[in-house]
Amino acid sequence: MRVWKFGDDIDTDAIIPGRFLTIYDPAELAKHAFEGTRDEFAKEAREGDVVVGGTNFGCGSSREHAPLALLGAGVKVVVAKSFARIFYRNAVNTGLLPLVCPEADAIADGDAVNVDLAGGYIEANGRRLAVEPVPGFLKEIVDAGGLVSYAKNLDEVKRCNIE
């Protein structure tokens, strides 16, 4: 997984500029991800790449378009020292995994990283960097592809139990 490194206070307007908020398709949003901030991201990001930020990643406006744009670009995991709360929940609710890593500064742009959730770390530059545990129910939502898919699966389970 290739790292796209960003600094502190990356707001949702930097992730997806407001003029694209009429788009809801993740693949279309991805074409404009980090436009005006880091233009090469939209052209060069690949499936499995990881975005790494500093503190307060995803601050600013409350919009699910930001995590959707990252998902559309093939990003499944965002690592940061800390997240704005609304971005964190929007990420989970859309199926993007936010991981808090107090040592995210040790990860450099272009690094190859491996995420080991079971082990509780990210491996980068030969180092294991601890990540905060993801609560089980949040991981279930991400694994389901987001809150809507998770809820649909619950409805199916209930129907099967009733029948």
Side-chain angles (χ1 to χ4, degrees), residues 1-111 113 115 117 120-122 124 129-150:
M1 296 184 220
R2 180 200 191 275
V3 167
W4 292 87
K5 182 74 179 267
F6 295 88
D8 295 338
D9 301 312
I10 297 299
D11 66 28
T12 53
D13 280 324
I15 299 168
I16 187 71
R19 65 185 171 276
F20 300 111
L21 297 184
T22 57
I23 301 170
Y24 292 95
D25 176 42
E28 286 300 312
L29 286 167
K31 294 176 183 176
H32 305 286
F34 292 108
E35 190 170 300
T37 302
R38 192 161 178 196
D39 293 335
E40 72 274 15
F41 179 87
K43 294 179 187 105
E44 297 175 18
R46 299 290 174 257
E47 188 74 26
D49 283 357
V50 175
V51 168
V52 175
T55 58
N56 202 27
F57 188 89
C59 59
S61 301
S62 167
R63 57 177 70 142
E64 63 276 359
H65 294 77
L68 286 174
L70 297 178
L71 284 166
V75 173
K76 303 288 187 261
V77 177
V78 177
V79 176
K81 290 175 76 172
S82 66
F83 291 92
R85 280 192 331 189
I86 194 69
F87 178 87
Y88 186 92
R89 286 311 305 235
N90 281 338
V92 169
N93 291 344
T94 58
L96 178 68
L97 181 62
L99 292 177
V100 176
C101 177
E103 296 180 276
D105 289 341
I107 304 169
D109 192 60
D111 279 355
V113 296
V115 177
L117 284 182
Y121 64 87
I122 296 168
L129 308 172
V131 295
E132 291 182 7
V134 177
F137 74 98
L138 293 181
K139 182 72 172 77
E140 288 176 20
I141 293 169
V142 170
D143 288 345
L147 190 57
V148 172
S149 296
Y150 178 79

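None of these values were measured; they are calculated from a predicted model.
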Where is the tightest heavy-atom contact between Val75 and Leu96, given as atom of each residue plus distance?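 Answer, listing the atom of Val75 first, then Leu96: O-CD1, 3.5 Å.
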Write down the atom of Ala130, the atom of Pro102, and the distance for their closest heavy-atom approach.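 That would be O-CD, 3.7 Å.
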Check whether more than 12 heavy atoms from other residues, nucleotides or ligands sit under 6.0 Å from atom CZ of Arg19, and answer yes or no.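 More than 12 heavy atoms, drawn from other residues, nucleotides or ligands, come within 6.0 Å of this atom.
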side-chain contact (heavy atoms from CB on, under 4.5 Å) partner of Phe20, the single match among His32, Glu28, His65: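 Among the candidates, only His32 passes.
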Kindly compute the distance separating [atom1] ([X]) from [atom2] ([Y]), expressed to the nearest 0.5 Å.
X	Y	atom1	atom2	result
Asn90	Arg63	CG	CZ	10.5 Å
Asn56	Phe87	CG	CZ	11.5 Å
Lys31	Lys43	NZ	NZ	12.5 Å

Answer whether the closest heavy-atom distance between the side chains of [X] and [Y] falls below 4.5 Å.
X	Y	answer
Lys76	Val115	no
Phe83	Val100	yes
Phe41	Ile15	no

Could you check whether any side-chain N or O of [X] sits under 3.5 Å from a backbone N or O of [Y], counting only pairs where one atom can act as donor and the other as acceptor?
X	Y	value
Asp8	Thr55	yes
Asp11	Asp13	yes
Thr94	Leu68	no
Lys5	Ile107	yes

Can you label the angle between the Phe34 ring and the Phe6 ring as parallel, tilted or perpendicular, going by 30° and 60°?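 Parallel.
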